[in-house]
Amino acid sequence: MLASLRSGDPDRYLSVLYAPADRRDALTALYAFNMEVARIRDAIREPLAGEIRLQWWRDALATPAAGADAGHPVAAAFARVIDDFDLPRASLEAYFEARLFDLYDDPMPSLNDLEGYCGETAGAILQMAATILDRPAVDGTGTPAGHAACAQAMTGQIRLMPLHRARGQCYVPAELLAACGLDREAYLGDPDPKRAGALVAALAAKVREHLRMWQETSGQVAPSLRPAYLVMAPVPSYLAVIERTGADCLERTPEISAIRRYWRFLRAAMG
């Protein structure tokens, strides 16, 4: 699973390497589960098939025995993690409900809806990782976790714009499209570069807002939870590249060098 995570979700892979040795397998199972669910859209042609697949995951994770019977190594491993660490079922159910959006092509209605989606997906994964690391220390971290999740997930969505547009998906809030003189069809087609640039700038500004709030509240996060929050390490570098790339983010994924990414993780891990 760790090898699959390295290729499919390299940032979370790096965060696992800095976690305590006795927690790495559990974190790997959690992140591999998230990666498998995120890939459902690529494996289906109709939303109903995706909904069936999400229900399959719900059923497979119901108990460790169900996970073992599912015949899927990630389901078996993560079902044990849920039981061993008593991960919150309510958060997992909210995660699945939010992931239904991935199966359809409608734009996100509003910025509030986008932030809610980020909280129930990336935020849920972050908080479950924190629970695996140090359950008592999780209390009182809702605010920094929420801002971290929004900053990290929204950065990821900007970087994935080329993939989403190729799928016909639009995670951009409809109200933000309208403010930039666009709609879903124009966004997915051949948008005016100035309007596309304004759209990327508006999304990046929202990421910066959450990044600033995360930095201001990160002191509430205990050092024992640091590996869960290491996904934030490359966000400032990604964001800087996004802001330089502008409208071209719709056509190509903004990247940073592997060396810069490794340095960001090392510096964050060292505190």
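All values reported here derive from a predicted model rather than from experimental measurement. Heads up: numbering here begins at 1 and tracks the sequence.
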Single hit among Leu188, Leu176, Leu177 for side-chain contact (heavy atoms from CB on, under 4.5 Å) with Leu182
Leu177
When hydrophobic residues are tied together by side-chain contacts of less than 4.5 Å, even through go-betweens, does Tyr187 share a cluster with Leu163?
no
Distance from Asp42 atom CG to Arg167 atom CZ, nearest 0.5 Å?
4.0 Å
For Asp86, is there any backbone N or O sitting under 3.5 Å from a side-chain donor or acceptor partner on Arg135?
yes
Taking atom types as modelled, is there a side-chain donor on Asp102 or Tyr117 under 3.5 Å from an acceptor on the other?
yes
Taking only Lys NZ, Arg NE, NH1 and NH2, and the carboxylate oxygens of Asp or Glu, determine whether Arg184 and Asp106 approach each other closer than 4.0 Å.
no
Just say parallel, tilted or perpendicular for the rings of Tyr171 and His164, cut-offs at 30° and 60°.
tilted
Separation between CG of Leu239 and CD1 of Ile158, rounded to the nearest 0.5 Å
7.0 Å
For the atom pair CD1 (Ile132) and CG (Leu27), what is the distance rounded to the nearest 0.5 Å?
5.0 Å
Using the side-chain contact (heavy atoms from CB on, under 4.5 Å) rule, take Thr245 and Arg252 through it: C-alpha gap first, then chi angles, then the decisive distance, then the call.
CA-CA 9 Å; Thr245 304; Arg252 59 185 176 89; 3.8 Å; yes
Same hydrophobic cluster for Val231 and Leu14, using side-chain heavy-atom links shorter than 4.5 Å among ILVMFWY?
no
Given Lys206 and Glu209, is the salt bridge (Lys or Arg N to Asp or Glu O under 4.0 Å) satisfied, shown in steps?
CA-CA 5 Å; Lys206 196 65 180 176; Glu209 179 182 326; 3.4 Å; yes
Compute both the distance and the angle, then confirm whether Arg260 meets the cation-pi test with Trp263: under 6.0 Å from the six-membered ring centre, within 45 degrees of the axis.
no
Taking a hydrophobic cluster as the set of Ile, Leu, Val, Met, Phe, Trp and Tyr residues connected by side-chain heavy atoms closer than 4.5 Å, whether directly or through intermediates, do Val172 and Leu160 fall within one such cluster?
no
Kindly determine whether Asp134 and Arg226 satisfy salt bridge (Lys or Arg N to Asp or Glu O under 4.0 Å), including the steps that lead there.
CA-CA 10 Å; Asp134 186 354; Arg226 186 173 295 153; over 6 Å; no
For the residue pair Gln157 and Leu114, establish whether any side-chain heavy-atom pair is separated by less than 4.5 Å.
yes
Is it possible for you to say whether Tyr229 and Tyr262 belong to one hydrophobic cluster, with membership spreading through side-chain heavy-atom contacts below 4.5 Å?
yes
Give the C-alpha distance, both sets of side-chain angles, the deciding distance and a yes or no for salt bridge (Lys or Arg N to Asp or Glu O under 4.0 Å) between Arg99 and Glu120.
CA-CA 9 Å; Arg99 282 294 190 181; Glu120 291 175 346; over 6 Å; no
Counting only N and O atoms by type, is there a donor-acceptor contact under 3.5 Å from the side chain of Arg23 to the main-chain atoms of Ala129?
no
Expected output: side-chain Arg261 to main-chain Ala233 donor-acceptor under 3.5 Å
no
Any side-chain to backbone donor/acceptor pair from Ser15 onto Ala228? Under 3.5 Å, distance only.
no
For the backbone of Ala43 and the side chain of Arg53, can you confirm whether one donor and one acceptor N or O come within less than 3.5 Å of each other?
no
Can you tell me if Thr63 uses its side chain to pair, donor with acceptor, with the backbone of Ala66 under 3.5 Å?
yes
Contacts of type side chain to side chain contact (heavy atoms under 4.5 Å, CB included), residue Ala149, not counting sequence neighbours:
Ala122
Keeping the roles fixed (side chain from Arg80, backbone from Gly67), state whether a donor-acceptor pair exists under 3.5 Å.
no
Any sub-3.5 Å donor-acceptor pair from Arg12's side-chain atoms to Leu5's backbone N or O?
no
Quick one: do the Thr28 and Asp25 side chains pair a donor with an acceptor below 3.5 Å?
no
pair Leu111-Pro173: side-chain heavy atoms closer than 4.5 Å
yes
Would you call Val200 and Ile242 a side-chain contact if the rule is heavy atoms closer than 4.5 Å?
yes
Between the main-chain N or O of Ala19 and the side-chain N or O of Arg24, is there a donor-acceptor pair closer than 3.5 Å?
yes
Okay, side chain of Asp183, backbone of Ala186: is any donor-acceptor separation there less than 3.5 Å?
yes
Hydrogens and angles aside, do Glu216 and His147 bring a side-chain donor and acceptor to less than 3.5 Å of each other?
no
Grouping I, L, V, M, F, W and Y whenever their side-chain heavy atoms are under 4.5 Å apart, do Val207 and Ile256 come out in a common cluster?
no
